[in-house]
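This report refers to the structure that appears directly beneath it.
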Amino acid sequence: MSKTERQATVESLATQLKGSPNVFVTDFQGLNVARMTELRRRLRAAGGKYVVVKNSLAQRALAANGLPALPAAFKGQVGLVLAGADPLPAAKVVGEFAKEFQKPSVKAGLLDGKTVEPAYVKRLGEIPSREALLGMFAGALNSILYQVVGALEALRAERDQQAAS
């Protein structure tokens, strides 16, 4: 790869990183082409992107955007998950894919420019979807309303009983 090709790759990746404030560094060693293609397809459907690039070029692109270089994470075969503005769907896809095929494993993460541990990214993937959380919230509100109605009904029954006596 010539110097101009490397520079073009760094500039392209830096542009992609600028559009994606949430990045996960993964180890994809052991994934064959078919599984890698499936991972990319699932990430694309979730609004993310999977990029494989040389470690040194990735670190340069991160530095160009003022992000931490994460030298410990860039060892071996590394791929970047560009999660976009919302990291939850991409974290969910990576977590489900890792459960299914034991790879890729998350080495590090950047959420809004801050470094996070792989366990944090895993926890992000386990959070229920927005719709499920809204459903849980509505159920909790509904439960409170039923309790209030039950208490008011008990008060009314007690007053009726006192008035009858």
Side-chain angles (χ1 to χ4, degrees), residues 1-140:
M1 186 179 263
S2 71
K3 185 174 182 177
T4 56
E5 289 173 325
R6 285 193 304 266
Q7 185 62 31
T9 302
V10 169
E11 288 173 3
S12 171
L13 185 58
T15 303
Q16 291 175 3
L17 287 170
K18 190 172 279 187
S20 177
N22 303 302
V23 179
F24 310 136
V25 181
T26 63
D27 175 11
F28 67 89
Q29 188 171 6
L31 284 179
N32 61 24
V33 175
R35 287 188 178 157
M36 185 76 85
T37 304
E38 177 65 17
L39 175 62
R40 283 187 166 124
R41 186 185 63 74
R42 289 184 191 181
L43 281 169
R44 212 176 7 259
K49 187 175 183 180
Y50 196 76
V51 179
V52 175
V53 66
K54 290 179 78 171
N55 295 347
S56 59
L57 300 181
Q59 288 177 324
R60 284 189 211 164
L62 287 170
N65 282 324
L67 298 171
L70 305 171
F74 285 98
K75 288 187 171 58
Q77 295 180 342
V78 173
L80 300 177
V81 175
L82 305 176
D86 185 10
L88 294 179
K92 195 173 291 289
V93 167
V94 170
E96 289 171 0
F97 200 84
K99 282 181 187 174
E100 209 173 320
F101 300 109
Q102 287 74 41
K103 287 287 178 179
S105 59
V106 176
K107 291 179 142 188
L110 289 171
L111 296 178
D112 294 323
K114 295 182 180 133
T115 307
V116 295
E117 295 294 318
Y120 187 84
V121 175
K122 184 179 179 184
R123 292 268 322 223
L124 276 178
E126 295 169 353
I127 293 175
S129 68
R130 183 175 190 274
E131 291 78 20
L133 288 173
L134 288 173
M136 289 178 200
F137 180 68

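Position 1 is the first residue of the sequence, and the numbers go up from there. When reading the values below, keep in mind they use all heavy atoms of this one structure, side chains included, and skip hydrogens, waters and symmetry mates. Worth saying up front: this structure is predicted, and the values here are computed from it rather than measured.
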Output every pair passing side-chain hydrogen bond (donor to acceptor under 3.5 Å, both in side chains) with a member in residues 99-115, not counting sequence neighbours, ordered by first then second residue. Arg42-Glu100

So the side-chain hydrogen bond (donor to acceptor under 3.5 Å, both in side chains) pairs with at least one residue in residues 6-27 (sequence neighbours excluded) are Gln7-Glu11, Thr26-Tyr50

Testing the basics here: between Ala58 and Val53, what is the closest heavy-atom pair and its distance to 0.1 Å? CB-CG1, 3.7 Å

For a 4.5 angstrom cut-off between non-hydrogen side-chain atoms, does Leu124 reach Leu111? yes

Beyond-backbone contact of Val51 with Leu13, side-chain heavy atoms, under 4.5 angstrom: yes

Would you say OH of Tyr120 has more than 12 non-hydrogen atoms from neighbouring residues, nucleotides or ligands within 6.0 angstrom? no

Applying side chain to side chain contact (heavy atoms under 4.5 Å, CB included), can you list everything that pairs with [X], at least two apart in sequence or on another chain?
X: Ala14; answer: Ala61, Ala64, Asn65
X: Glu117; answer: none
X: Thr4; answer: Ser2

List the atom pairs, with distances to 0.1 Å, where a side-chain N or O of residues 89-97 and a protein N or O form a donor-acceptor pair under 3.5 Å, not counting sequence neighbours.
residue	atom	partner	partner atom	Å
Lys92	NZ	Gly125	O	3.3
Lys92	NZ	Ile127	O	2.5

Pairs meeting criterion ring pair (Phe, Tyr, Trp, His ring centres under 6.0 Å) with involvement of residues 17-45, two or more places apart: none

Applying salt bridge (Lys or Arg N to Asp or Glu O under 4.0 Å), can you list everything that pairs with Arg41, at least two apart in sequence or on another chain? Glu38

Throw together a table of side-chain donor-acceptor distances under 3.5 angstrom for residues 78-88, partners on residues two or more places apart or in other chains.
residue	atom	partner	partner atom	Å
Asp86	OD1	Leu88	N	3.3

Could you list the residues that satisfy side chain to side chain donor-acceptor pair (under 3.5 Å) with Arg44, not counting sequence neighbours? none

